[in-house]
Structures are given as structure tokens and as C-alpha cells.
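Below: one structure, written as C-alpha cells.
Atoms within each ligand, like the ligands themselves, are counted from 1 in listed order. Heavy-atom basis, side chains included; hydrogens, waters and symmetry copies ignored.
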Amino acid sequence: MCGIVGYSGKSDAVSPVLEGLSRLEYRGYDSAGISMNIDGKLCIFKKEGKLDNLKNFLKEKSELSSTIGIGHTRWATHGKVNDTNAHPHGNEDFSIVHNGIIENANVLREELKQKGYQFKSETDSETFLVKLSDEFKQSKDIEQAIIDTFKSIEGNSAFVVIAKNSHKIYSIKRSAPLVCGVNEESGDVYVSSDPYALIGFTTKIYFPGDSVLCIADHRKANNHYSFLDLNRNETKDYTIQQKQMSLNTVSKGKYEHFMLKEIFEQPELVNKLFSIYSEDITSLNEMTKSRPEMVHIIACGTALHAGLVIKDFLERKNRIRVNSDFASEFRYKEPLICKKDVGLFISQSGETADTLACQELCVAQDLKTYSIVNVEGSTLYRSCDYNLLLHAGAEIGVASTKAFTQMALVGYILSNAYLDEPKDLKSEFELLSQAITLILNREEEIKKIARDIYNYKGFIFTGRREQYPIALEGALKLKEIAYVHAEGYAAGELKHGPIALFDESMVNIAIVTKDLYEKTLSNAQEVKARKGVMVILGEGEDSELSEISDFYFGIDYLGLTDLKPLVTNVVLQLLSYHIAKFKGTDIDKPRNLAKSVTVE
Ligand code: AGP
């Protein structure tokens with residue numbers, strides 16, 4: 001959601017802060033701003049709309065420079081999208097940026113108004129600023145004032161603060177993403193809501209725990225950071241990451257969009273995942289030591305769809321009972337949990353608020369919690385007993401593609417490890433990588449189909465059993481980047497309602513593999529009989545399917561069985577991508593969406 005970047009060091013702050021903010025554009029935002037300490041005065045510049053608006057505005061003020069600055073991209077929760085509500089918020093003494101929601105903002109605002117304070121914006125974030133000033137007025141101690149203010153607010157948030165008479169950057173968070181970085185050569189210090197913003201700037205990154213006040217001081221000789229608990233004692237509640245993501249992840253390379261680049265990375269990532277997990281199985285061994293009564297697979301969006309693929313593996317191959325649910329539902333259901341169950345949380349970012357809340361709920365009920373997660377050091381990663389990493393590199397496109405494939409594959413590795421005699425997965429992974437490459441080589445064919453269907457009114461994706469989650473995922477991808485109405489259904493469900501939607505303006509993207517072939521074929525025939533436009537993804541050449549299709553795409557699964565859904569999914573990723581391209585949408589940053597949903 002909101003993006004945060006801060007810098008303090010020997011050079012000008014504007015350039016690293018704006019560069020960091022540009023990298024956070026993929027998270028979605030509606031306005032951006034920066035605050036700098038210029039000759040002892042805190043100055044704030046903020047603009048509604050794209051980051052370019054702020055950049056152009058700052059170009060005209062090129063004489064302004066400062067060695068300390070904090071920047072923010074806002075995804076509005078409280079208050080309209082305008083310059084005033086944009087961050088940073090500030091007054092003479094402090095500038096602050098915030099990501100999250102202050103749940104008791106109204107109460108605090110009223111209390112502060114009673115004390116005579118006035119508010120400029122409609123945001124919840126400004127209550128933190130005003131409360132901070134009030135606390136500082138009494139204690140005259142910046143650190144204590146931040147701690148006391150932080151204690152008074154409810155909800156999950158991260159805050160970064162700079163002060164008039166200080167060259168330090170202060171940050172603190174509760175269940176919201178925050179990283180602190182340092183470049184050990186120059187001594188420059190950085191903070192951000194996402195390590196991705198700091199690639200190439202820092203050599204060491206700290207992931208602080210909740211309620212830790214992080215104080216970054218570039219003037220200190222060695223230890224540029226102090227970490228204090230709420231009693232102001234030094235704490236070691238943080239993890240350190242020294243290895244850096246490659247700068248390569250920041251660029252689109254030869255591709256027009258990050259989404260396309262990420263789709264094309266998949267064959268290589270599949271092979272890489274196999275080598276990593278064949279060398280290091282420590283976590284897997286620990287996780288599969290005993291058989292759980294039930295696995296609760298909890299996630300959101302695409303991650304949950306990958307979870308449904310994993311559910312199928314665990315149920316069919318391991319005969320383990322699985323409950324899968326949206327994180328936003330599970331947490332409010334008083335779920336039936338028993339101590340021998342396991343919570344399996346799946347997330348690309350590791351920062352999705354609802355998923356994190358469910359993990360906490362399971363811990364409170366004494367469950368072991370495992371994650372399948374991409375971002376090492378993320379809140380989810382830090383909170384679970386064991387983690388299985390995706391090793392997918394940064395995923396920048398808002399529409400998740402490579403993370404889905406890696407999530408499902410990690411789940412497959414987990415399911416294999418639960419077997420009494422685990423299989424050697426080498427050849428299966430190699431075949432999967434090759435089968436995905438074959439699909440990528442047919443991009444032009446998929447693009448042609450996209451050109452012919454992109455203007456239709458609606459799209460129903462269908463599949464059965466292990467291909468059903470792919471129908472859901474295909475529809476989600478199309479909705480989010482092409483802004484068209486799309487739904488995924490289990491093919492057998494069509495005649496229980498959705499078939500009423502079909503006429504010549506509605507497309508059925510039907511996955512018909514050799515598994516349950518006859519049944520799925522009749523579902524497709526039923527739609528055809530109602531004049532639906534048929535795009536069929538079948539297996540190899542198939543005259544029967546070709547005959548009833550308006551567009552037929554035969555997939556060569558190269559003899560794969562369990563991993564077939566992951567191949568089908570790549571066809572749908574490319575199809576959505578090209579439909580969106582024909583529609584001319586903002587593919588990497590679709591409207592209204594944020595890459596990681598850190599508010600509930
Ligand atoms: C998928 O394309 C999404 N943009 C979205 O559904 C995403 O998968 C979901 O928000 C969960 O995110 P996470 O994996 O970072 O937890």
C-alpha cells in the first residue's frame with residue numbers, strides 16, 4: 001500500500017528518495033511527497049497523482065538540497081486524494097510518514113482538538129504528528145515522545161520521523177513492513193517499507209521487530225543503528241540480511257512490462273528452485289517430522305489459488321485433510337482448530353495484513369505455523385516456525401505470475417517430503433521447465449487469440465479438479481489487468497446457474513485436459529450449444545475439441561501429471577497480458593490495486 005523511503009548521509013537526499021519511491025510505484029499509490037531538512041527548517045513538497053508530478057515540481061526547485069529526507073507514496077485510506085492529505089505531514093518540529101491505519105484516530109483527534117490543536121488534513125496519520133508534538137512539548141525528548149505517541153495509537157502501522165534539530169531518522173512499526181539499511185562504506189543510512197527500494201544503495205538490511213524504535217545515525221563511526229524497546233533498553237529484536245537482491249531485478253530488460261519479464265523468468269526459476277531444495281532440506285525435514293491432523297492453508301488472492309493447488313497435492317497424494325480459506329474470512333470465523341493441526345500461510349510479500357492476522361490467531365491457539373513466502377525477512381517470515389522460500393526474486397508486476405508457479409511448486413516439494421518414500425523430482429521439474437518454455441515460444445499464437453477476443457463482454461474460465469484453481473487464477477489475472485468481468489468456475493457448476501450468462505457476447509475459456517475428459521467435454525458442448533464463444537485449452541491435437549472451439553490451443557504437457565495445472569496457467573498469464581495490452585491498460589500498475597495489501 002503506502003510506500004516509504006528515507007535517507008540520511010553525506011549526499012543529497014532527493015535523488016535516493018525519489019529513486020526509492022519510483023521503485024515503489026508498483027505498490028500502487030495516488031499521491032507522493034518528500035520532506036527535507038533544509039538549513040534547520042523542515043520543508044515539505046507533495047503532489048497528488050503520479051510521482052512524475054512531484055518530480056517535475058521538484059525540478060523547478062533544483063536549488064533545494066538536503067542530506068536528510070523522507071518520502072512517501074500514498075494509497076488513500078482516510079481522506080480524499082489531494083495534496084493536503086498526501087504525506088509527509090509536518091509542522092515546525094517534525095515531519096512524519098505513515099503506512100497503515102490508526103484505528104483510534106478519531107478519539108485521539110478529539111482529545112487533541114480539546115487541547116487546542118488544529119488539523120490540516122483529513123488523514124488518520126496526522127493524529128500521530130499532532131500527538132507527537134504534544135508529547136514532545138512536555139518531555140522535550142524526541143525518542144521518548146515517539147515511544148509515547150506510538151504507545152497511544154491502535155492498529156497496524158509503520159512510522160518514519162525526522163525532526164528539526166536532528167540528523168537522525170527514527171522509525172517504528174507494528175505489524176507493518178519496515179526495513180532499515182546502511183551502506184557500510186559510505187555510512188549512509190536508509191529506511192523503507194520495502195527492501196526493493198534499497199537495492200544498490202545499501203550493503204546491509206535490518207528487519208526490526210514490532211515496537212522497536214530504530215534510530216539511524218550516519219554520523220556514528222560504526223554502528224549506525226540503535227534499536228530500543230519501548231522502555232528504551234537496547235534490543236536485539238531484529239534480523240539482518242547481508243545478501244542483496246541483484247540490480248537486474250529493478251529493470252525490465254528487453255521486456256515492455258515487468259509482468260511479461262516475470263512470466264518469461266519461470267522456466268529458469270523452476271530449475272533453480274529444484275537445485276535449491278535438493279541441497280537444503282533442513283526446514284522440510286523439520287516440518288514433515290510428524291503428520292498433522294489437518295493443514296489450514298490460509299492466504300489471499302493469487303496466493304490462495306496456489307494454496308488450492310497445494311491442497312489438491314496434500315489431499316490426493318498424502319491423504320492429509322486440508323482446510324483452505326481466504327485470510328479475510330478465516331480470522332473472523334472462530335475456525336475449528338485442534339492442536340495437532342498446522343497453519344500454512346502463503347504469501348509473496350509476507351506482509352499481507354489479513355494473512356498475518358491469521359498467523360497470529362493460529363499461534364494464539366498453539367498451532368505450529370509454516371509459511372511459503374517470497375520475501376525473506378518479511379513479517380510472515382519472521383513470525384512462522386518454519387519457512388519455505390520461493391526464491392523467485394522481486395516480483396514487481398502487481399499481477400502475480402512467477403510467484404504463483406513457485407508457490408505451487410514449493411507446495412509440491414512439501415507434499416513430496418510428507419511421503420514415506422519421497423520421489424526424486426528432478427525429471428519432473430526439468431519437464432515442467434521445458435513445457436513452460438514451449439508455451440512461451442507460442443506467445444504469438446496466444447496473442448492472436450487475445451486480439452480476436454479482447455472486446456467481448458465477459459469471460460468465464462472453467463476447469464475441473466486440479467485445473468479448477470487455474471480457472472480461478474486465470475479469471476483473477478484478467479480482471480485485475482484488463483478491467484473486464486471474468487469469473488472462474490468448476491466446469492460442472494455451469495449448469496447450476498452461470499450458464500444463463502452465455503450468448504454470443506460471452507467467452508468461455510475452458511480447460512479440457514485428458515483427466516475427466518468426457519465430463520469436461522460435455523460441459524464445453526453445453527456452452528457451445530448456447531452460442532458461447534469457445535476458447536478451449538486442450539491436450540495436444542484433438543479433433544473433437546477443435547470442432548467445437550472457436551479458438552483451440554493444444555498444450556503439450558510432455559507427459560507431466562501432477563504439475564499440469566502450472567503449465568496451463570502460463571497460457572492464461574500470457575492471454576491476460578495480451579488482452580490487457582490490446583485494451584491499453586496500465587499492466588504493471590493496474591488501477592485501484594496495490595502490490596502488497598498491508599491494511600485489513
Ligand atoms: C494477484 O495478482 C494479486 N495482485 C493479489 O491477489 C495477491 O496475490 C494478494 O494480494 C496476496 O498477496 P501476497 O501474496 O503478497 O500475500
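Gln348 N, 2.6 Å is the protein heavy atom nearest to atom 14 (O) of ligand 1. Annotation: atom 12 (O) of ligand 1 to nearest protein heavy atom, Thr352 OG1, 3.5 Å. Scanning the protein heavy atoms around atom 10 (O) of ligand 1, the nearest turns out to be Val597 CG2, 4.0 Å. In terms of protein heavy atoms, atom 11 (C) of ligand 1 is closest to Cys300 O, 3.3 Å.
At least one N or O atom of Val398 sits closer than 3.5 Å to an N or O atom of ligand 1.
For the atom pair Lys564 NZ and Ile470 CD1, the distance stands at 12.5 Å (nearest 0.5 Å).
At a heavy-atom cutoff of 4.0 Å, ligand 1 is contacted by both the backbone and the side chain of Thr302.
Of the charged side-chain nitrogens involved, at least one lies within less than 4.0 Å of a carboxylate oxygen, so that Arg331 and Asp354 count as a salt-bridged pair.
Assignment of Thr355 to the shell around ligand 1 is not supported, since no heavy atom sits closer than 4.0 Å. Taking a 4.0 Å cut-off on heavy atoms, Lys477 registers as neighbouring ligand 1.
Looking at residues two or more places apart in sequence or on another chain, you find a ring pair (Phe, Tyr, Trp, His ring centres under 6.0 Å) between Tyr412 and Phe313.
Across all non-hydrogen atoms, the minimal contact from Lys581 to Glu256 is NZ-OE1, 2.8 Å.
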Report all side-chain donor-acceptor pairs from residues 385-396 shorter than 3.5 Å, counting only partners two or more places apart or in another chain.
unit_1, atom_1, unit_2, atom_2, d
Asp385, OD2, Thr369, N, 2.8
Tyr386, OH, Glu286, OE1, 3.3
Asn387, OD1, Ser371, OG, 2.6
Asn387, ND2, Tyr381, O, 2.9
Glu395, OE1, Ser400, OG, 2.9
Glu395, OE1, Lys595, NZ, 2.7
Glu395, OE2, Ser400, OG, 3.4
Glu395, OE2, Thr401, N, 2.9
Glu395, OE2, Lys402, N, 3.3
Glu395, OE2, Ala403, N, 3.0

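Between Tyr238 and Tyr206, the ring planes are perpendicular. Angles over 60° get that label, and only those under 30° would be called parallel.
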